[in-house]
Amino acid sequence: MKKFKSVLLVDDDDTSNFISEIIINKSSITDSINTVKNGNEAMKFVSSHCLTETCDEECPQLIFLDLHMPVMDGFDFLNELKLKMPDHTKCFKIYVLSSSSNPIDMDKAKEYDIEGYILKPLDMDKMRRLSLAS
């Protein structure tokens, strides 16, 4: 599996973040995990750490994004990201990591530039199946 400089978890659920951090650490895909609680915090994080042309050292190369959060949800984050950083895919990949198995959410997520849709909880089998090699 590819090694990433850093991973950003975007989720308001502390339990889910705890489990995801354990699985990410166990998979050895990164030495650095940052966590934010909503899309607004995620936008501030990537805006301050990711310059599209240079992809700063502190820019996460992989983002796990929940959809349903307070303040700014995952879809609003993806909309704002498309406007503010249209070339974000040069810096990082996004996987939706959600507890929603609602086909409406899954179909809507496909409208964005994401790598895939993962149902919570994250586990080692799901990590192995991710196409993280590219």
Side-chain angles (χ1 to χ4, degrees):
M1 220 180 279
K2 181 177 177 178
K3 184 95 170 191
F4 296 93
K5 287 185 284 185
S6 70
V7 171
L8 178 63
L9 289 173
V10 185
D11 197 334
D12 63 314
D13 183 338
D14 291 331
T15 303
S16 179
N17 287 334
F18 179 76
I19 292 167
S20 295
E21 285 183 27
I22 289 171
I23 296 302
I24 292 167
N25 282 324
K26 192 173 180 181
S27 71
S28 301
I29 63 165
T30 190
D31 294 324
S32 175
I33 303 171
N34 292 289
T35 304
V36 295
K37 298 286 189 172
N38 59 61
N40 188 46
E41 290 179 15
M43 185 54 63
K44 287 178 184 176
F45 189 93
V46 296
S47 294
S48 66
H49 292 92
C50 304
L51 299 175
T52 306
E53 292 84 31
T54 60
C55 304
D56 297 356
E57 276 296 312
E58 296 191 18
C59 181
Q61 291 180 305
L62 181 62
I63 296 176
F64 288 106
L65 176 68
D66 189 23
L67 293 179
H68 301 289
M69 300 172 285
V71 183
M72 178 189 281
D73 69 19
F75 291 121
D76 289 338
F77 168 78
L78 290 167
N79 285 325
E80 191 167 332
L81 187 65
K82 188 189 301 187
L83 292 173
K84 291 186 174 179
M85 294 181 69
D87 295 331
H88 70 273
T89 57
K90 293 178 182 176
C91 293
F92 51 83
K93 297 174 183 277
I94 300 173
Y95 282 89
V96 168
L97 179 61
S98 178
S99 58
S100 174
S101 60
N102 185 330
I104 294 170
D105 285 340
M106 293 175 157
D107 288 341
K108 187 175 179 181
K110 290 176 187 174
E111 297 172 14
Y112 296 94
D113 203 354
I114 62 168
E115 295 297 313
Y117 195 105
I118 304 165
L119 288 174
K120 291 180 186 176
L122 192 59
D123 60 33
M124 287 304 293
D125 187 48
K126 290 174 185 172
M127 288 295 293
R128 278 188 217 93
R129 285 187 270 148
L130 297 180
S131 55
L132 298 173
S134 57

Do you know which two heavy atoms are closest between Tyr117 and Ser100, and how far apart they sit?
-> OH-O, 2.8 Å
Are Phe18 and Met69 linked, directly or through other ILVMFWY residues, by side chains that come within less than 4.5 angstrom of each other?
-> no
Nearest non-hydrogen partners of Lys3 and Asp31, listed with the distance | NZ-OD1, 3.2 Å
Under 3.5 Å, is there a donor-acceptor pair linking the side chains of Asn17 and Thr35?
-> no
Heavy-atom distance under 4.5 Å between the side chains of Asn79 and Tyr112, does that happen here?
-> yes
Are Met124 and Tyr95 joined in one hydrophobic group, where the rule is that I, L, V, M, F, W and Y side chains link up if heavy atoms are under 4.5 Å apart?
-> yes
After noting the C-alpha distance and the side-chain angles of Cys50 and Cys59, does the key distance pass the disulfide (SG to SG under 2.5 Å) rule?
-> CA-CA 5 Å; Cys50 304; Cys59 181; 2.1 Å; yes
State, yes or no, whether a side-chain contact exists between Glu111 and Leu78 at a heavy-atom distance under 4.5 Å.
-> no
List the steps and the verdict of side chain to side chain contact (heavy atoms under 4.5 Å, CB included) for Leu81 and Ile94.
-> CA-CA 11 Å; Leu81 187 65; Ile94 300 173; 3.5 Å; yes
Taking the side chain as every heavy atom from C-beta outward, state whether Phe77 and Leu65 have any atom pair closer than 4.5 Å.
-> yes
Closest non-hydrogen atom pair, Lys120 against Leu97 | CE-O, 3.4 Å
Please confirm whether the backbone N or O of Pro121 pairs with a side-chain atom of Lys126, one donor and one acceptor, at under 3.5 Å?
-> yes
Kindly determine whether Val46 and Glu80 satisfy side chain to side chain contact (heavy atoms under 4.5 Å, CB included), including the steps that lead there.
-> CA-CA 11 Å; Val46 296; Glu80 191 167 332; over 6 Å; no
Decide side chain to side chain contact (heavy atoms under 4.5 Å, CB included) for Glu58 and Asn34; before the verdict, give the C-alpha distance in whole Å, the side-chain angles of both, and the deciding distance to 0.1 Å.
-> CA-CA 10 Å; Glu58 296 191 18; Asn34 292 289; over 6 Å; no
To the nearest 0.5 Å, how far apart are CG in Asp87 and NZ in Lys82?
-> 13.5 Å
Leu8 and His49, any side-chain heavy atoms less than 4.5 Å apart | no
Asp11 and Ser16: which non-hydrogen atoms are nearest, and at how many Å?
-> OD2-OG, 3.3 Å
Nearest 0.5 Å please: distance from the CD1 atom of Ile23 over to the CE atom of Met127.
-> 8.5 Å
In one Ile/Leu/Val/Met/Phe/Trp/Tyr side-chain cluster, 4.5 Å: Ile24, Ile22 | no
Shortest non-hydrogen contact from Ser98 to Asp66?
-> CA-OD1, 3.7 Å
Evaluate the side-chain proximity of Leu62 to Thr30: yes if any heavy-atom separation is below 4.5 Å, no if none is.
-> no
Looking only at heavy atoms, which two atoms of Leu122 and Ser20 are closest? And how far apart?
-> CB-OG, 3.9 Å
Reported CZ-to-OG distance for the pair Arg128 and Ser27, which is rounded to 0.5 angstrom | 9.5 Å
Between Leu9 and Glu21, is any pair of side-chain heavy atoms under 4.5 Å apart?
-> yes
Do you reckon Val71 sits in the same ILVMFWY cluster as Val36, going by side-chain contacts under 4.5 Å, direct or chained?
-> no
Gap between atom CE of Met43 and atom CG of Asn40 - 0.5 Å precision | 8.5 Å
If you draw a 6.0 Å radius around CG in Leu83, do more than 12 non-hydrogen atoms from other residues or ligands fall strictly inside?
-> yes
Go through Ile118 and Arg129 one step at a time and tell me if the side chain to side chain contact (heavy atoms under 4.5 Å, CB included) criterion holds.
-> CA-CA 10 Å; Ile118 304 165; Arg129 285 187 270 148; over 6 Å; no
Sub-4.5 Å side-chain heavy-atom contact between Asp105 and Lys108 = no
